[in-house]
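Below is one structure; the comments refer to it alone.
In the text below, chain A, chain B and the rest are named by the order of the sequence lines, each starting its count at 1.
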Amino acid sequence: MTKIIPVGPYHPLQEEPEFFQLHVDGENVTDIDITIGYNHRGIEKLSEARTFDQSAFLVERVCGICSTSHPFAFVQAVEDIGKIEVPERALYIRSIVGELERIHSHLLWLGLAGHFLGYNTIWMWAWKCRETVIDILELISGNRQNYAMFKVGGVRRDIDDNDIPHYLKLLDEVVPALNLFRGAVTDDPVIRARLVGVGVLSREEAVSYAAVGPTARASGIAIDVRKDEPYAAYDRIEWEIIVTENGDVYDKVILRVLEMLESVKIARQCLENLPGGEIDANVKEIPPGEGIGRHEAPRGEVLHYVLSDGSNMPVRHKIRAPSFQNVPTNKVAAVGETISDAAIVLAAVDPCYCCTERIAVIDTGGDRRAACGDELIRLSQEKTRRIARRMGREIK
Amino acid sequence: MNWKLYSLLKSPWVFHLSTGSCNNCDIEILDFLTPRYDAERFGIQLVGSPRHADILLVTGAMNRKAAPLAKKIYNQMAKPCLVIAFGACGCTQGIFEGSYAVAGTVDSEIPVDLYIPGCPPRPEAIIAGIARLISSIKEKKE
């Protein structure tokens, strides 16, 4: 008999409130329904009543974790309208902030994934390491989150050349921690047993669902806006796209850890080769026209479309965030898995999903049982402990 | 003083509710549990159910879909309880003021005891806010 488990829509770990309905038969997930729209704030409409300079602050608040990605794409869209030449130094600073954000976002995800699996030590370590990255961002921008670095035609704040050795030193502190995580994930037999072959998204399925970012790259698709259509300073430095082949949760974890090391490489090169000169093109007017800006956010491609009529405000501003494409892939990735794997599979696309507000188990007879909020995480953590016991190990 | 309000002073348990925020506040709330700030050493703990919580920490600009849910969650909490409006949006709707998707402020839906402004407030601000709330209750007692 099929039961439906509604999960969500609210949870502190979620980036966007999403509502999942898991159809389960016994312990196995047979189908999944996804509803979004719980966090709607009407940003596109609000943007039409803001000037181009103000909109950069507004789109920063689309998502707190990607608070650089959206302004990044937005200013590129506006610069596309006016064909504005951005100073070289500003391009490098943009890349630095973008990559630091990727490291902090992936660390955040890694910590939460560890928490879902019952490895709270990984959660605490990852977030401790993340503080170092946030420190660099705070030193550069003046705020821990919402950096407000981006403006049309350049960046708002310069990086002091005397501070660069200090930033490099802080970046170096991150690398051993990242290698530690890489070792912890690849060497631990319990993590392998939990994640290898779980929540597989095949290459064909990733293509048909138009998955982007790490979700697509873990399925063997080498798609990355930074390489496909280089912008900012990404074509001026050496780096590689990380691709893994299997599409399971294990590959998604490894891919993100390797991507962080690559991001450290990019940020380091940008800081070392930071050219001199202006940081702002001093844009006065935006001509009529339309423009598109793309940026590879930590979760995948962000696309902003801006239509201008020559006034100081956008006439239409359309935002497409990567989770919009990645969340539906849960439909293939989670189906066929057990409920205890559902938490980590749904989290693997990085909507940082799980459920605290409520889980209600409904059977088709209409009998409704409201279970405690952390049920799903508990099931997941219990499974890890079960596997660990079988292997004669102790999980802290 | 009410025994429950008194027990609050020792170890306040917090339920976090996002009513249409941009998640920055939500990350900072999680951040204050992690090693650098480690709020659990003060007995402050994040719990998974409003029924277990002493403090309701509300972030976000009160989305239309979220407003009735926020009221419902507040009603589920054991009284007396405290409500904190967190972040610029929680306090005043912030940058989302005037949006068609926003129903009101947090204090138009549920009674608020403490406002912590900032976009987002630093983890230290949460600890300072809760400490101030506790000391104000103590003052009232005396």
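- The shortest side-chain heavy-atom distance between A/L112 and B/L30 falls under the 4.5 Å cut-off.
- Minimum interatomic distance between A/L46 and B/G98 (heavy atoms only, all atoms of both residues): CD2-C, 4.1 Å.
- Residue contact with chain A, scored on non-hydrogen atoms closer than 4.5 Å, is absent for B/I29.
- Shown here for B/L33 and A/M124, the closest heavy-atom pair between the two residues is O-CE, 3.9 Å.
- Residue B/E28 touches chain A through its side chain alone, counting heavy-atom pairs closer than 4.5 Å.
- Residue contact with chain A, scored on non-hydrogen atoms closer than 4.5 Å, involves the side chain of B/Y100 exclusively.
- A distance of 7.0 Å separates SG of A/C63 from CD1 of B/I27, quoted to the nearest 0.5 Å.
- Atom-to-atom distance recorded for A/I134:CD1 and B/R122:CZ is 10.0 Å, nearest 0.5 angstrom.
- Proximity of B/P123 to A/R144: side-chain heavy atoms (C-beta onward) are separated by under 4.5 Å at one or more points.
- For B/D38, no part sits under 4.5 Å from any heavy atom of chain A, backbone or side chain.
- With a 4.5 Å cut-off on non-hydrogen atoms, A/I43 touches chain B through its side chain but not through its backbone.
- Not counting sequence neighbours, B/R64 has no partner by the side-chain hydrogen bond (donor to acceptor under 3.5 Å, both in side chains) test.
- Between atom CZ of residue A/R61 and atom CZ of residue B/F96 there is a gap of 7.5 Å, rounded to the nearest 0.5 Å.
- Partners of A/H295 according to the side-chain hydrogen bond (donor to acceptor under 3.5 Å, both in side chains) rule, which considers only residues two or more places apart in sequence or in another chain, are A/Y231.
- Proximity to chain B is limited to the side chain of A/E138, based on heavy atoms less than 4.5 angstrom apart.
- Counting heavy atoms from C-beta outward, A/R41 and B/C22 have side chains that approach closer than 4.5 Å.
- The contact between A/L58 and chain B is made by backbone and side chain atoms together, counting heavy-atom distances below 4.5 Å.
- Listed here is the closest heavy atom pair of B/N24 and A/G64: OD1-O, 3.1 Å.
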